[in-house]
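Below, all heavy atoms of this structure are taken into account, side chains as well, without hydrogens, waters or symmetry copies. All residue numbers in this chain count up from 1 along the given sequence.
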Amino acid sequence: MYECYRIDMVSSMSSASYVEGKEVAKEMGCTGFTVYYNSDYYYKSEDLIDTVHDHFEALSYKYGCGPMELPRDFPKGDIRNTRYASYNTGVNSALRGTGGSMIDWTIPPPKGFKMLFDSNCMGLNQYPPSMGEEIPGEPSLFDSAVHIQYQGWSFSHRLPTRMDPTRYPVSVHLMDVIRSSGKGYPKELEALLDNFDFYAINVGKLYTDAHPLKY
């Protein structure tokens, strides 16, 4: 029963995040497939999981069963970890189907962090160089974009996830893009920002084969 609730708790937070993300994308004029990350949902889900887990343990004492020693998390290697281990894995599941990857989903985010990734996988938006520092090469219909907010810091930039792996890198590392922009960033975000890769949908298998999920 607890394991079923555990799946429901992570799913509900992922769904709430998805709905909020769609509103944010609409306000920003993003018309392609997007993935949204809001650290508030990470902490809400972790608090909820702790509360429900402790409640089950308390019920065991209440009815004279003694401690259940109920594991809080799914066992290491359990396939459910790829989607339901946490809010992070819920976002990562959406990312890996849309052109991105959270390399280590166990890293907790700083509070107040929000990120919208617009995959632009259908080439519906053309992100011009004016979004950020110029990326070498011609602007592409298939560039994606990332928008980040954290306290008073914000960052919006094209990501050169073009569709031709013979001319462009298969994947783009977020921290490389941020550092090359020369705009600076809050140091407390470094571990999280260093944890994201992005790639064009049509080279997704090349990336995911080289970066299999570890659960």
Side-chain angles (χ1 to χ4, degrees), residues 1-28 30 32-56 70-121 144-150 159 161 171 173-175 189 191-199 201 204-205 207-209 211-215:
M1 186 180 294
Y2 167 72
E3 290 179 345
C4 290
Y5 284 145
R6 174 64 187 268
I7 290 173
D8 288 343
M9 287 184 283
V10 172
S11 295
S12 65
M13 288 298 170
S14 297
S15 296
S17 177
Y18 173 83
V19 171
E20 181 177 308
K22 284 301 177 186
E23 286 301 312
V24 172
K26 183 178 179 180
E27 291 172 4
M28 299 186 71
C30 300
F33 293 108
T34 59
V35 176
Y36 180 68
Y37 188 99
N38 183 340
S39 63
D40 289 350
Y41 291 109
Y42 173 85
Y43 288 103
K44 286 178 181 179
S45 61
E46 292 298 300
D47 288 346
L48 184 59
I49 291 168
D50 286 339
T51 299
V52 173
H53 177 268
D54 292 348
H55 178 66
F56 271 86
L70 183 68
R72 179 190 184 276
D73 302 318
F74 296 125
K76 186 176 181 180
D78 193 308
I79 188 65
R80 290 172 294 185
N81 282 323
T82 61
R83 178 64 180 81
Y84 302 110
S86 68
Y87 171 73
N88 280 358
T89 57
V91 172
N92 194 36
S93 177
L95 269 176
R96 287 175 72 94
T98 314
S101 176
M102 185 178 290
I103 300 165
D104 181 357
W105 53 262
T106 65
I107 295 178
K111 292 182 177 180
F113 176 85
K114 297 178 182 179
M115 181 178 74
L116 179 73
F117 168 61
D118 184 356
S119 68
N120 193 28
C121 63
S144 56
V146 65
H147 307 276
I148 302 171
Q149 289 185 332
Y150 172 70
L159 299 172
T161 50
S171 64
H173 191 56
L174 179 57
M175 271 307 301
L189 289 182
L192 184 66
L193 296 174
D194 202 33
N195 198 30
F196 288 98
D197 286 335
F198 298 100
Y199 49 86
I201 291 293
K205 189 173 188 305
Y207 179 89
T208 55
D209 284 350
H211 300 78
L213 290 173
K214 297 178 181 179
Y215 53 89

Would you find more than 12 non-hydrogen atoms of other residues, nucleotides or ligands less than 6.0 Å from F33 atom CZ? no
For Y36 and K114, run side-chain contact (heavy atoms from CB on, under 4.5 Å): C-alpha distance rounded to whole Å, both residues' side-chain angles, the deciding distance at 0.1 Å, then the answer. CA-CA 8 Å; Y36 180 68; K114 297 178 182 179; 3.6 Å; yes
Residue pair G97 / I201: nearest heavy atoms and the distance that separates them: O-CD1, 3.8 Å
Tell me if the aromatic rings of Y37 and Y87 count as close, with their centers under 6.0 Å from one another. yes
Rounded to the nearest 0.5 angstrom, the OG-CG distance for S12 and L48 is 6.5 Å
N81 (side chain) donor-acceptor with P75 (main chain) under 3.5 angstrom: yes
Heavy-atom closest contact (Y41 atom, E20 atom, distance): OH-OE1, 2.7 Å
So, taking the atom named OG1 in T82 and the one named CZ in R96, what distance separates them when rounded to the nearest 0.5 Å? 9.5 Å
Mind checking what makes side chain to side chain donor-acceptor pair (under 3.5 Å) contact with T106, not counting sequence neighbours? D104
Distance in Å, T34 OG1 paired with Y18 OH, rounded so as to fall on 0.5 Å steps: 7.0 Å
Got a donor-acceptor contact below 3.5 angstrom from the S144 side chain to the N120 backbone? no
Drop me the distance from C4's SG to M9's CE, to the nearest 0.5 angstrom. 10.5 Å
Would you say the ring centers of F117 and F198 fall short of 6.0 Å from each other? yes
Is the closest side-chain heavy-atom distance between I148 and L174 below 4.5 Å? yes
Distance from D40 atom CG to K111 atom NZ, nearest 0.5 Å? 9.0 Å
Within a strict 4.5 Å, meaning less than it, do heavy atoms of the F196 and L95 side chains meet? yes
For V10 and R83, which heavy atoms make the closest approach, and how far apart are they? CG1-O, 3.9 Å
Whether the side chain of T51 engages the backbone of D47 through a donor-acceptor N/O pair (distance < 3.5 Å, no angle test) should be reported. yes
Within this structure, what is the CH2-NZ distance for the pair W105 and K214, rounded to the nearest 0.5 Å? 12.5 Å
On a heavy-atom basis, which atom in N92 and which in M102 lie closest, and how many Å separate them? OD1-N, 2.6 Å
Contact between H173 and D194 at the side-chain level, heavy atoms closer than 4.5 Å - yes or no? yes
Using every non-hydrogen atom in the two residues, find where Y84 and T89 come nearest and quote the distance to one decimal. N-OG1, 3.7 Å
Main-chain N/O of G90 paired to S93 side chain as donor or acceptor, under 3.5 Å: no
Heavy-atom pair with the smallest gap, counting every atom of T98 and S119: O-CB, 3.1 Å
Residues forming a side chain to side chain contact (heavy atoms under 4.5 Å, CB included) with P71, sequence neighbours excluded: none
Residues passing the side chain to side chain contact (heavy atoms under 4.5 Å, CB included) test with S171, sequence neighbours excluded, are Y199, Y207
Under the side chain to side chain contact (heavy atoms under 4.5 Å, CB included) test, residues paired with F56 that sit two or more places apart: M1, Y2, Y5, V52, M68, L70
Using salt bridge (Lys or Arg N to Asp or Glu O under 4.0 Å) as the criterion, list what pairs up with D50, not counting sequence neighbours. R72
Within the distance-only criterion (no hydrogens, no angle test), does the side chain of Y43 pair as donor or acceptor with the backbone N or O of P109 below 3.5 angstrom? yes
Which residue pairs satisfy the salt bridge (charged side-chain N to carboxylate O under 4.0 Å, His left out) criterion with at least one member in residues 3-16, sequence neighbours excluded? E3-R80, R6-D73
Hey, does E46 have a side-chain heavy atom less than 4.5 Å from the side chain of S86? yes
